[in-house]
Structures are given as C-alpha cells and as structure tokens.
Student: 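First the structure, then my questions, so here it is.
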Amino acid sequence: MLKLIRKMRRSDVLMALVCSVLVLGQIYFDLELPDYMSDLTVLIETPGSTMSDILHTGLEMLGCTLASAALCILCGYLTAKVAAGFALTTRERVFNKIADFGQHEMMSFSVPSLINRTTNDITQVQMVIAMGLQLLIKSPIMAVWAVIKIIDKSWELSVITAGFIVALLMVMVIVIALVVPRFRRVQKLTDKINLVARENLTGINVVHAYNAEDYQNEKFEKSNSELMRTQLFNQRTFAFLTPVMQLGMNALALVIYWVGASLVNAVPAEDTAVRLETFSNIVVFGTYATYVIMSIMMLVSIIMLLPAAQVSAQRINEVLGSKTDIHEGTRSDSPETGTVEFRHVSFHYPDGGDVLEDISFKANRGETVAFIGATGSGKTTLVSLIARFYDATEGEVLVDGVNVKDYTFDALYDRVGYVTQKAVLFSGTVKSNVLFGKSRGGRGDADVGKALDLAMASEFVDRLPQGMDSPIAQGGTNVSGGQKQRLSIARALARDPEILIFDDSFSALDYRTDAALRAGLKSELGGTTRLIVAQRIGTIRNADKIIVLDDGKAVGIGTHDELMQNCPVYQEIARSQLSSEELGA
C-alpha cells in the first residue's frame, strides 16, 4: 500500500502532512484533560477553594474540548479530500495502464478482474486512507504519550497496564494472522462472481432461449455461497475483537481502581496531603490507562479494514507494475504508401503452439488482398499483426516499407483502418461512433455522411428520428448485427486510411449489400489497399490476390482462377459454397 501512497499528488501529500500536525494538536488537547481533572479533584478536596477557581479550571477543560473538536472537524475534511484525490489519480493511472494493454495482458488478468481492480479495490484503499490518516497516526502516538504521562505515577499500576496491553496486542495479532490470508481469497471470489454475473448478463438471451436459468443460478449460488462463508469467517473473527477490547478496557479500569484503593488505604489517615495526592494520581492514571486501551481499539478498527485494503493495493500494483509486450516505436515517416508486406512471419502464443508459420506476401497500393481458410487457420491472427494487437514471433511485418514495431502508435494507426470481426459500438450517437478516436480524416457532418454512404449505412441512419445524431446504446444493442457492422465499416472509412483491414466484416451483410459495398469501395477508394478476411468465396472472388491459409500455413496464393487450378484447399472451399454453374462461370 505504501507504494501506492508514495505516488499521491503533491497537493494531497501536503494536505496529509497538515492533517498529521492537526492530529498532534488533537492528542495534545485530549491528553490535557486528565491533568485538569486532577486539578479539579484537588480543588474540590482542598478546604478554602473558591467556586471561581473551579469554574476557571472547568472553562479551561471546555476550551481544550472545543479546540480538539475543531481540529478533528478540519482534519476530517482534509482526510476526505486526500482520500478522494488518491482514488481519482490511482483510478486514472490504472485505467490508462489498462488502455495500453495488448491481448496477452488482457487474457492474463481477465476483464472482470480488471473491472474489479479499477473500482472495488481502489475504493477499499480509499476507505483506509480516509479513516487511517487520522487513526493510524493518532492511536500509537496517543498510546505512547499517555504511557509517558503515567509511567512515573505508580509502578504497580504501570505493570498492570502493561500486562493488559500485551495481552490485547497478542489477541489482535492472532486475529490478523487468521484473517489476512482469507482476504486475498475474498478478492478472487469477488472476481469470480463478477465473471459469472457478467457472463449471465451478456448472454441473457441465450440463457432464456435454452431455459438455463436454473443452471446459471446454481453456478452463481456456488460462487456466492463460497464468498459468503469466507466473509462470515472474517467478520465473526473480527467481531470477537471488539468485545475483547471493551472487556479489557473495563477490566483494566476496575483493577486500577481496586489496586488504587489499596494504595490510598496504605497511606496514613493523618497524612492528608499525601493521601489526596495519591488519590488524584490514581484518578489521572485510570483516565490515561483508558486512553491507552482506546488507542488500541482505534487501531483495531483500522486493522479490520487494513488486510482487505492491503490485498487490494497489491492487486492494483500488479496492474500498474505489469509490463506490456507491445512497445511504441519512434518513426512516423515511410518510404512507401499503402503497402503491406509479410517477410517469413511466424507467430505463436506464449502458452500455445504455432498459429502462423513462415507467411510471406506483399500487398501493393490499391490492391485487394483476401484471406480465406477453415476456422482456426490463423486468418484473424494474421491481420492482427498488422495492427499490432500482437507482435510477430519471427520475421517482419512491414507497413509502407517500415517494420510496424518501429512506428509510433499514432503514425501506424493513422495509416490503418481496422474493422474487427465482432462489431463493437460505444454508447453515444451514430456520429460519435463514426468519428471515434483520433483520425487524419475529417470531423464534420459531410465526412460522416460520406462514410455512411460508402458503408451502405445511410439507408437505415436516414430513417432514424435524429439521423446521425440518433443515440447508440452501449454495445450497439439498439441496432441489428448488420447495422452494427456497417457502422463499424463507416468508422474505419472516416479515418481516411491508406490501408483498410476487414476481419470477416461482411458476414452479417446480405449478398446484395455485400456486393454493393465492395463495388463502392473499389470505385471510390481505388488508391486504398484493402485486406479482407472472409468465409464466403463470393466476397473475395474478384480480389487481386487471395491467400489460402490451412493450419497456419499459406498453402495457396493467387487469383480465384489460379487457385481453382492449383490449390486443393481452395477448391474444396469453393465446391462447398458454389454451384456447378458458378464454378464453371
């Protein structure tokens, strides 16, 4: 947790230091009260004391109380501000770090866990800072200060107090040792519940269609029950601490007054001054001893939150300390325009076998290059290497004659427009989705309209009540699959890229829309290089170059006619989709 706290904003650190000074002021005024109580005891028991003397001492006590209360209120305001500032900056750092993650990092952490770390874990640490900034400073200093004030008043009572403190600290250490390991388990189980709930909500239609509500409920109940049992153990163990501390405080007060009474009785009755001083010291000692136990109780209240916060801080640091596999280059210039070249490229996942093996080809400016093959043959992985969702394990991927690893991210993504296999839309409007992110393309309504026209999306956007300003729900749930794909294509076109990558992006389109869209791309974007991953022969039949993948290898490269002559894998795909007349044509 200290690693996170050290990275707080300078203004928050300054407020925390001011708060520490205010806490010291609180302790000073609080610990002055027992001395005034001693003075009052002496005044009341001393013959000849006047009411004005008693009132003066009482007013001084009231002044100390008001000063302590004012400092406490100001300190509470500052700690709340420091905690909120810490949460703001930490959440921003975690979010920005996750935004730089590649596919490998996302899979290693999992989406539900990252969401939990960005929200719940940061809140846990924020709560500890909000409470602990006062109590973690106040409790040990108050305890030590109180001990210093009473250490010379009675060695018998000092030994009794020390024994109680040691016993209570031992109980606290045992409880912490039992609970801390289970807090890490609680966080993992919370991640699991988040995962199950997210899966259920995302696939709610499938759950209903397959009448799987009971199955999903049982899966959730299993995780939920396990989390409940773990948390019950933690809370029951912590619940044991409070009564033990209260019992210890009351028992200590009882023992102090019982032993103190014996000490007072041991003083001869005729020695009034000594007897009064001994009685006064015992009253002060009992109050200070109570402060010591109260300090331990304050410490316990923070320690009840500290293990969970410490686990949360470790999980946050795991995200912030993780090293990304994809690193930005420095180049922004290039010797060519609109070219893509693979030179003996191979790729495999860290925990799996080879996905691509020795792939070589070049797409020149304005060409249409298509990729086809069976499911799992590596088509999506291949085009992902161009956009650097992954980096090639061996060989080079060049865009405009430069290795993609050498480009700055801005320079690379300005050149590439990528349409993902699964259409993804964001909450906002049609316009905000089409103009999503940084782009070297235009930003006006005319540019949006042109992209929508070319993507064959205008026909349904124009029918919407607000046109391009019509709202889009999170994930695009208020539009159909084909409409989502067309808006995703419009988003890529609006970037005005040199290279367009379509990762099976025409699959949800009907044949008429598919053909019209491809014809529009060819006529309007003749100088733009188009890389198309497809399952349908009809989509890629007229491509300048077709690359056939089989088990990660390029088993055929050529036009449709050439591949029909010399590539058995392509012939098999074609025969499964086209009729004899179409094959003959």
Side-chain angles (χ1 to χ4, degrees), residues 99 106 111 115 197-210 379-380 383-384 387 389 413 416-439 441-497 500-521 524-525 528 530-536 538-539:
M106 293 297 292
V111 172
I115 292 173
R198 189 168 180 268
E199 279 185 342
N200 191 66
L201 293 173
T202 304
I204 192 68
N205 289 337
V206 177
V207 173
H208 290 327
Y210 283 83
K379 304 183 297 297
T380 294
V383 294
S384 297
F389 297 159
Y413 296 127
V416 176
Y418 195 101
V419 186
T420 55
Q421 186 174 19
K422 181 181 179 182
V424 177
L425 297 182
F426 299 88
S427 57
T429 64
V430 170
K431 182 178 178 180
S432 68
N433 272 276
V434 173
L435 297 179
F436 185 77
K438 293 182 180 180
S439 171
R443 310 296 294 178
D445 288 356
D447 303 298
V448 177
K450 182 180 177 181
L452 291 172
D453 287 341
L454 198 53
M456 305 299 293
S458 295
E459 61 182 66
F460 76 87
V461 172
D462 291 342
R463 293 197 301 268
L464 296 175
Q466 301 174 52
M468 64 179 66
D469 293 317
S470 297
I472 296 293
Q474 181 183 0
T477 54
N478 60 336
V479 292
S480 69
Q483 291 170 341
K484 280 200 291 187
Q485 275 200 335
R486 281 180 278 177
L487 289 176
S488 297
I489 293 169
R491 179 171 58 204
L493 295 174
R495 296 179 63 82
D496 189 24
L500 277 169
I501 301 173
F502 299 98
D503 183 8
D504 200 13
S505 307
F506 305 118
S507 59
L509 305 181
D510 60 84
Y511 284 98
R512 182 184 64 82
T513 304
D514 182 355
L517 197 157
R518 286 185 287 106
L521 293 176
E524 297 292 331
L525 303 176
T528 302
R530 299 173 294 280
L531 306 179
I532 302 174
V533 172
Q535 299 287 350
R536 298 195 301 224
T539 301

Student: What residues form a side-chain contact (heavy atoms from CB on, under 4.5 Å) with Thr380, not counting sequence neighbours?
Tutor: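 With sequence neighbours excluded, Thr380 shows a side-chain contact (heavy atoms from CB on, under 4.5 Å) to Ser384, Gln421, Asp503, given in chain and number order.
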
Student: Under the salt bridge (Lys or Arg N to Asp or Glu O under 4.0 Å) rule, what pairs show up with a residue in residues 422-434, not counting sequence neighbours?
Tutor: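 Listed once each, the pairs are Lys431-Asp445.
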
Student: Once side chain to side chain donor-acceptor pair (under 3.5 Å) is applied, do any residues pair with Thr429, and if so which ones, sequence neighbours excluded?
Tutor: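 Side chain to side chain donor-acceptor pair (under 3.5 Å) list for Thr429, sorted by chain: Ser432.
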
Student: I'd like to check the side chain to side chain donor-acceptor pair (under 3.5 Å) partners of Ser505; sequence neighbours left out, ordered by chain and number.
Tutor: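 If we apply the side chain to side chain donor-acceptor pair (under 3.5 Å) test to Ser505, skipping adjacent residues, there are no hits.
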
Student: Kindly write out the residues that satisfy salt bridge (charged side-chain N to carboxylate O under 4.0 Å, His left out) with Arg530, not counting sequence neighbours, or none if the list is empty.
Tutor: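 Listed in chain order: nothing, the list is empty.
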
Student: Can you tell if the side chain of Leu487 reaches within under 4.5 Å of the side chain of Val461, non-hydrogen atoms only?
Tutor: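 They are in contact (side-chain heavy atoms under 4.5 Å apart), so the answer is yes.
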
Student: Say whether, by atom type as modelled, one donor and one acceptor occur between the side chain of Glu524 and the main chain of Leu521 under 3.5 angstrom.
Tutor: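 No.
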
Student: Taking C-beta and beyond as the side chain, do Phe502 and Ile489 meet within less than 4.5 Å on heavy atoms?
Tutor: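 Counting from C-beta outward, Phe502 and Ile489 do come under 4.5 Å.
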
Student: Arg491 and Leu425: which non-hydrogen atoms are nearest, and at how many Å?
Tutor: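 Looks like NH1-CD2, 4.1 Å.
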
Student: Would you sort out whether Leu525 and Leu500 count as a side chain to side chain contact (heavy atoms under 4.5 Å, CB included), showing the intermediate values?
Tutor: CA-CA 10 Å; Leu525 303 176; Leu500 277 169; 3.7 Å; yes

Student: What distance do Leu454 atom CG and Leu517 atom CG have between them, rounded to the nearest 0.5 Å?
Tutor: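 One finds 6.5 Å between CG of Leu454 and CG of Leu517.
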
Student: Quick one: list whatever passes side-chain contact (heavy atoms from CB on, under 4.5 Å) with Asp453, sequence neighbours left out.
Tutor: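 side-chain contact (heavy atoms from CB on, under 4.5 Å) check on Asp453 returns Ser458.
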
Student: For the pair Arg486 (side chain) and Ala455 (backbone), establish whether a donor and an acceptor sit closer than 3.5 Å, ignoring hydrogens and angles.
Tutor: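 Checking the backbone N and O of Ala455 against the side chain of Arg486, no donor-acceptor pair under 3.5 Å is found.
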
Student: With a cut-off of 3.5 Å and sequence neighbours excluded, list every side-chain donor-acceptor pair involving residues 462-471.
Tutor:
| residue | atom | partner | partner atom | Å |
| --- | --- | --- | --- | --- |
| Arg463 | NH1 | Glu459 | O | 2.6 |
| Ser470 | OG | Gln466 | N | 3.1 |
| Ser470 | OG | Gly467 | N | 3.2 |
| Ser470 | OG | Gly467 | O | 2.8 |

Student: Do the non-hydrogen side-chain atoms of Asp514 and Thr539 ever get within less than 4.5 Å of each other?
Tutor: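 Asp514 vs Thr539: side chains touch.
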
Student: Mind listing the closest non-hydrogen atom pair of Gly417 and Ala492 along with its distance?
Tutor: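 Distance-wise, the nearest heavy atoms are C-CB, 4.2 Å.
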
Student: Who are the ring-ring contact (aromatic ring centres under 6.0 Å, His included) partners of Phe460, not counting sequence neighbours?
Tutor: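 Scan of Phe460 (ring-ring contact (aromatic ring centres under 6.0 Å, His included), adjacent residues dropped) gives none.
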
Student: List the residues meeting side-chain contact (heavy atoms from CB on, under 4.5 Å) with Ala451, not counting sequence neighbours, and say none if there are none.
Tutor: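 For Ala451 the side-chain contact (heavy atoms from CB on, under 4.5 Å) partners, ignoring immediate neighbours, are Val434, Ala490, Leu493, Ala494.
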
Student: Taking side chain to side chain donor-acceptor pair (under 3.5 Å) as the definition, give me every residue that meets it alongside Thr513, ordered by chain and number, with sequence neighbours left out.
Tutor: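 Thr513: side chain to side chain donor-acceptor pair (under 3.5 Å) contacts with Asp510.
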
Student: Within a reach of under 6.0 Å around NZ of Lys484, are more than 12 heavy atoms found that belong to other residues, nucleotides or ligands?
Tutor: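 Correct, the count exceeds 12.
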
Student: To the nearest 0.5 Å, what is the distance between CD on Gln485 and OG1 on Thr420?
Tutor: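 Answer rounded to 0.5 Å: 8.5 Å.
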
Student: If I compare all heavy atoms of Val424 with all of Ser488, which pair ends up nearest, and what's the gap?
Tutor: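 What the structure gives for the nearest pair is N-OG, 3.9 Å.
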
Student: Can you name the side-chain contact (heavy atoms from CB on, under 4.5 Å) partners of Ala473, sequence neighbours left out?
Tutor: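 Testing Ala473 for side-chain contact (heavy atoms from CB on, under 4.5 Å), a comparison that skips the adjacent residues, returns Thr477, Asn478.
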
Student: My understanding is that only residues two or more places apart in sequence, or in another chain, count here; which of them pass side chain to side chain donor-acceptor pair (under 3.5 Å) with Asn433?
Tutor: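 In terms of side chain to side chain donor-acceptor pair (under 3.5 Å), with neighbours along the sequence ignored, Asn433 is linked to no residue.
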
Student: May I ask you to check whether Phe389 and Tyr418 place their ring centres under 6.0 Å from each other?
Tutor: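 Under 6.0 Å, so yes.
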
